[in-house]
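Working notes for the structure below.
Order of the sequence lines fixes the chain letters, A, B, ..., with proteins taken first and strands second; residue numbering starts at 1 for each chain. Here the structure is a predicted model, which is why all the values come from computation and not from measurement.
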Amino acid sequence: MKIATWNVNSLKVRLPQVLEWLTLNQPDVLCLQETKLQDEHFPVSEIAAAGYQTIYSGQKTYNGVALLSRQPVSEVFTGMPGFEDPQKRLLGGVHDDVCVVCIYVPNGEHVTSEKYQYKLRWLAALREWLREMLSRHRKLVVLGDFNIAPEDCDVHDSKLWEGKVLFSELERAAFREVLDLGFIDSFRLFDQPEKSFTWWDYRMMAFRRNMGLRIDHILLSRELAGMCTACVIDKATRRLERPSDHAPVIVELGGSVQEKERSAGSEASIRVSANEP
DNA sequence: ATGGCCTTTATCAAAGGA
């Protein structure tokens, strides 16, 4: 099972890239953020033509999240119960037996901004809600644009970013508190290239100079982490003409013991048949 | 050097993103 997240920075602009990306990567689930579309304008039929069902929660101009999937999603939810928020930043549901939560954490603007306080409130509400979700779903994935670089190695220049929004202590502490509920940062389950990032500013030739941050994440419950066989950042998509400023992140699941044995068995049988005269 | 770019909006300048 392949699950991915991508902040597209306007689905209207990026729709051709999204359709191309689906064809190329064949994910089971793709979560989108910053669709910036009201629900009545969501391109349901174009995405259906590519073989994907959709759930979405959008608004005019800002925010907006969506979940594209091969199989239908059940138990669909939008927003967090008990946290009234006109900004459309969260949705999810159960795909196969995996509960998927797609999030677009507030940016925060600046550490002295009222929007920063909103970001911290939003993250506290997320933590408490996820605590409850974990008690109900052993297979839970929380993915999206967290707008937080968790560690020094997730920032191209940690001295420069010290204390700044996206890397401030309070944001990083909030991220750790979510992990402490029992989530694993899938990207760090594997050896990764040095200076791996998911976002690069459009300005300053930041992408060419790899001046980025790793702020898009895929967090897995322990049970899913045990099945995870890969997590990669799709940097190639950031190189396209007229790109989003974020690159997609992809996890591969299904590495349970049974799955591994099954795939090892089929490889062996292929090898045997290939050796036959 | 405190900007640079991109997207949106009852555009043509300003806000927001990160």
Side-chain angles (χ1 to χ4, degrees), chain A residues 5-18 21 31-43 56-66 85-90 102-123 126 143-172 174-175 187 195-217 233-235 237-249:
Chain A
T5 177
W6 187 11
N7 179 325
V8 289
N9 184 20
S10 168
L11 184 55
K12 186 180 172 187
V13 173
R14 233 63 67 189
L15 181 60
Q17 288 187 19
V18 170
W21 199 89
C31 292
L32 303 178
Q33 302 87 35
E34 284 206 86
T35 54
K36 299 187 178 180
L37 288 177
Q38 287 171 294
D39 290 348
E40 54 266 42
H41 298 138
F42 201 91
Y56 43 90
S57 175
Q59 65 187 88
K60 189 195 261 270
T61 315
Y62 302 120
N63 310 312
V65 283
D85 190 359
Q87 303 190 23
K88 307 301 188 188
R89 298 182 171 277
L90 186 149
C102 168
I103 66 173
Y104 174 47
V105 176
N107 166 288
E109 192 180 31
H110 189 270
V111 293
T112 62
S113 170
E114 168 55 33
K115 293 183 187 124
Y116 183 75
Q117 296 303 320
Y118 163 63
K119 180 178 194 173
L120 295 177
R121 284 199 307 276
W122 201 96
L123 287 164
L126 178 72
L143 72 170
D145 179 358
F146 283 68
N147 269 319
I148 302 170
E151 303 292 340
D152 284 359
C153 59
D154 299 316
V155 180
H156 67 90
D157 183 343
S158 58
K159 271 278 175 284
L160 182 74
W161 281 88
E162 202 178 309
K164 300 246 167 68
V165 75
L166 312 184
F167 192 56
S168 72
E169 272 309 321
L170 289 175
E171 292 164 83
R172 294 164 68 189
F175 187 85
F187 191 71
K195 298 179 191 302
S196 286
F197 307 125
T198 64
W199 171 83
W200 300 260
D201 201 307
Y202 282 124
R203 300 166 295 184
M204 298 177 289
M205 293 183 289
F207 183 66
R208 221 169 67 184
R209 298 156 71 189
N210 198 30
M211 293 168 57
L213 305 178
R214 191 175 71 94
I215 57 177
D216 299 85
H217 307 294
I233 297 168
D234 172 28
K235 214 174 162 179
T237 293
R238 185 61 174 76
R239 293 191 192 97
L240 298 173
E241 282 291 316
R242 205 177 180 187
S244 165
D245 43 359
H246 295 252
V249 185

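Relative to the side chain of A:K60, the nucleotides B:dG17, B:dT9, B:dT7 differ in distance, and B:dT9 lies closest. Relative to the side chain of A:T61, the nucleotides B:dT9, B:dA18, B:dG16 differ in distance, and B:dT9 lies closest. With distances taken from any side-chain atom of A:R242 to the nucleotides B:dG16, B:dT7, B:dA18, the minimum falls on B:dT7. The side chain of A:K12 lies closest to B:dT8, out of B:dT8, B:dA18, B:dC6.
For A:R14, a side-chain nitrogen or oxygen approaches OP1 or OP2 of B:dT7 to under 4.0 Å. Residue A:N147 has a polar side-chain atom (N or O) positioned under 4.0 Å from OP1 or OP2 of B:dA18.
A:Q59 places its CD atom 13 Å from the P atom of B:dG16, with the value rounded to the nearest Å. A:D157 places its CG atom 18 Å from the P atom of B:dT2, with the value rounded to the nearest Å. Rounding to whole angstrom units, CZ of residue A:F146 and C1' of B:dG17 are separated by 18 Å. The distance between atom CG of A:D245 and atom P of B:dC5, rounded to the nearest whole Å, is 14 Å. We find that NZ of A:K119 is positioned 8 Å from P of B:dA18, with the value rounded to whole Å. Put simply, CG on A:N9 is 6 Å from C1' on B:dT7, counting in whole angstrom units. One interatomic measurement links the two molecules: OH of A:Y116 to P of B:dG17, which rounds to 15 Å at whole-angstrom precision. A straight line from NZ of A:K36 to C1' of B:dA15 spans 11 Å, rounded to a whole angstrom.
Of the two residues near DNA chain B, A:P243 and A:K115, the one whose nearest nucleotide lies more 5' is A:P243. Two residues, A:Y202 and A:E34, neighbour DNA chain B, and the one matched to the more 5' nucleotide by heavy-atom proximity is A:Y202.
Rounded to a whole angstrom, the distance from the P atom of B:dT2 to that of B:dG17 is 23 Å. B:dT7 and B:dT11 have their C1' atoms separated by 12 Å, with the value rounded to a whole Å. Annotation: B:dC12 and B:dA1 have their P atoms spaced 35 Å apart (nearest Å). Distance check on atom P: B:dA10 versus B:dC6 gives 23 Å, rounded to whole Å.
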Pairs under 3.5 Å (Watson-Crick or G-U), crossing ones as [ ], inter-strand ones as |: DNA chain B comes out as ....(((((...))))).

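At the heavy-atom level, A:N7 lies under 4.0 Å from the strands shown only through sugar-phosphate atoms. When heavy atoms are screened at a 4.0 angstrom cut-off, A:V13 is found touching the sugar-phosphate backbone but no base atom. Residue-level contact check: A:D145 touches the backbone only, with heavy atoms under 4.0 Å from sugar-phosphate atoms and none from bases. Within 4.0 Å (heavy atoms only), A:Y104 reaches sugar-phosphate atoms of the nucleic acid but no base atom.
A:Y56 contributes no side-chain N or O that, together with a main-chain N or O of A:G64, makes up a donor-acceptor pair within less than 3.5 Å. A donor-acceptor pair under 3.5 Å is formed between the side chain of A:Q33 and the backbone N or O of A:N7.
A salt bridge links A:D152 and A:R172; the closest N-O separation between the charged side-chain nitrogens and carboxylate oxygens is under 4.0 Å.
Taking CH2 of A:W199 as the reference point, atom CG of A:D245 lies at 7.0 Å (rounded to 0.5 Å). Here OH of A:Y202 is found 5.0 Å from OG of A:S244. Values are rounded to the nearest 0.5 Å.
Of all the heavy atoms in A:A149 and A:V155, the pair that sits closest is CB-CG2, 3.6 Å. Scanning both residues, A:L123 and A:A174, for their nearest heavy atoms gives CD1-CB, 3.9 Å. The minimum heavy-atom distance linking A:N147 with A:K119 is given by the pair O-NZ, 2.7 Å.
Evaluation of atom-type donor-acceptor distances gives a pair under 3.5 Å for the side chain of A:N107 against the base of B:dA18.
With sequence neighbours left out, the side chain to side chain donor-acceptor pair (under 3.5 Å) criterion links A:Y62 to no other residue.
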